[in-house]
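Here is the structure we will look at.
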Amino acid sequence: MRVLGIDLGIRRIGLALSDPDATFAQPHGVLERRGDARDLAAIGELVREHGVAHIVVGLPIHMTGRRGPEAKEAERFAAALASATALPVDLVDERWTTVEAERSLREMGQVGKKGRRRRQHVDAVAASLLLRTFLDRLRIEAERGGATR
């Protein structure tokens, strides 16, 4: 089962894909926001092209646990995505993904890069981190339930 991870932003949508066995998460670039209809169509094409069976969308919750307007937008977008693709869509807490993504890029020597290209890298890496969180949760649940892949 291939899973798509989405880090929803105002200007860009960070994308990540799992391998077919839903074991690993890899950045898959970004989608420049062009309005819901175009964004949903582009994601639908990606879903078909890669045989995605499940989608996870980052849920930006404040450190206090409060859900602000960004979280409400993520919930709305996730519902629209589920309707447009007829796939299950889960929301995943993304409180630390951008910070972790920036740290990962620094460790990979990307610290000097600035501007649009760097932000795109951060968005795609953040999507892969939230996807990894979801895949790890699936694996743990399967192990606890005795299920095997």
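Each residue takes its place number in the sequence, starting with 1. No hydrogens, no waters, no symmetry mates; every other heavy atom, side chains included, goes into these values.
- When the side chains of ILVMFWY residues are joined at heavy-atom separations under 4.5 Å, either directly or via intervening members, Val56 and Val89 end up in two distinct hydrophobic clusters.
- Nearest heavy atoms, Leu130 versus Gly58: CD2-CA, 3.7 Å.
- Contact record, Leu91 with Ala78: CD2-CB, 3.8 Å, taken as the closest heavy-atom pair.
- One distance of note links CZ of Arg12 with CZ of Arg34; it measures 15.0 Å at 0.5 Å rounding.
- To the nearest 0.5 Å, atoms OG (Ser18) and CZ (Arg2) are separated by 6.0 Å.
- Contact of the Leu131 side chain with the Val3 side chain is registered, since non-hydrogen atoms from C-beta on lie closer than 4.5 Å.
- The shortest non-hydrogen separation linking Ala71 to Pro60 is CB-O, 3.5 Å.
- At a threshold of 4.5 Å between non-hydrogen side-chain atoms, the residues Asp93 and Thr133 do not count as touching.
- Asp19 contributes a side-chain N or O that, together with a main-chain N or O of Asp21, makes up a donor-acceptor pair within less than 3.5 Å.
- Within the model, atoms CZ of Arg144 and CZ of Arg139 stand 10.0 Å from one another, a figure rounded to the nearest 0.5 Å.
- In the hydrophobic clustering of ILVMFWY residues, with side-chain heavy atoms under 4.5 Å counting as a link, Leu59 and Leu81 come out together.
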Kindly determine whether Leu4 and His28 satisfy side chain to side chain contact (heavy atoms under 4.5 Å, CB included), including the steps that lead there.
-> CA-CA 9 Å; Leu4 172 66; His28 193 75; 5.9 Å; no

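- Proximity of Glu70 to Ile61: side-chain heavy atoms (C-beta onward) are nowhere separated by under 4.5 Å.
- The hydrophobic cluster containing Ile55 also contains Leu15, counting ILVMFWY residues as joined when their side-chain heavy atoms lie under 4.5 angstrom apart, directly or transitively.
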Residues Ile13, Ile43; criterion side chain to side chain contact (heavy atoms under 4.5 Å, CB included); working and verdict | CA-CA 10 Å; Ile13 299 172; Ile43 292 170; 4.2 Å; yes

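- When all heavy atoms are compared, the tightest approach of Ala53 to Leu87 is O-CD2, 3.6 Å.
- Around atom CD1 of Ile140, more than 12 heavy atoms belonging to other residues, nucleotides or ligands sit under 6.0 Å away.
- For the pair Ser128 and Gln26, the tightest heavy-atom approach, listed with the atom from each and the gap, is CB-C, 3.9 Å.
- Contact annotation: the side chain of Leu138 approaches that of Met1 to within less than 4.5 Å [non-hydrogen atoms, C-beta and beyond].
- No option in Arg48, His50, Glu49 other than His50 meets the side-chain contact (heavy atoms from CB on, under 4.5 Å) test with Val52.
- Considering CG of Asp36 and CG of Leu40, their distance stands at 5.5 Å, rounded to 0.5 Å.
- The heavy-atom pair separating Asp7 from Glu94 by the smallest distance is OD1-OE1, 2.9 Å.
- Leu8 contributes atom CG, which lies 8.0 Å from atom CZ of Arg76 (distance to the nearest 0.5 angstrom).
- Within the 4.5 Å cutoff, the side chain of His54 has heavy atoms near those of the Phe134 side chain.
- No donor-acceptor pair closer than 3.5 Å links the side chain of Ser83 to the backbone N or O of Ala79.
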Report the C-alpha distance between Glu75 and Lys72 in whole Å, list the side-chain angles of each, state the deciding distance to 0.1 Å, and finish with yes or no for salt bridge (charged side-chain N to carboxylate O under 4.0 Å, His left out).
-> CA-CA 5 Å; Glu75 290 167 333; Lys72 288 179 175 66; over 6 Å; no

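- A continuous path of ILVMFWY side-chain contacts below 4.5 Å connects Val57 to Leu46, so both sit in one hydrophobic cluster.
- Within a 6.0 Å sphere centred on CZ of Arg11, heavy atoms belonging to other residues, nucleotides or ligands number 12 at most.
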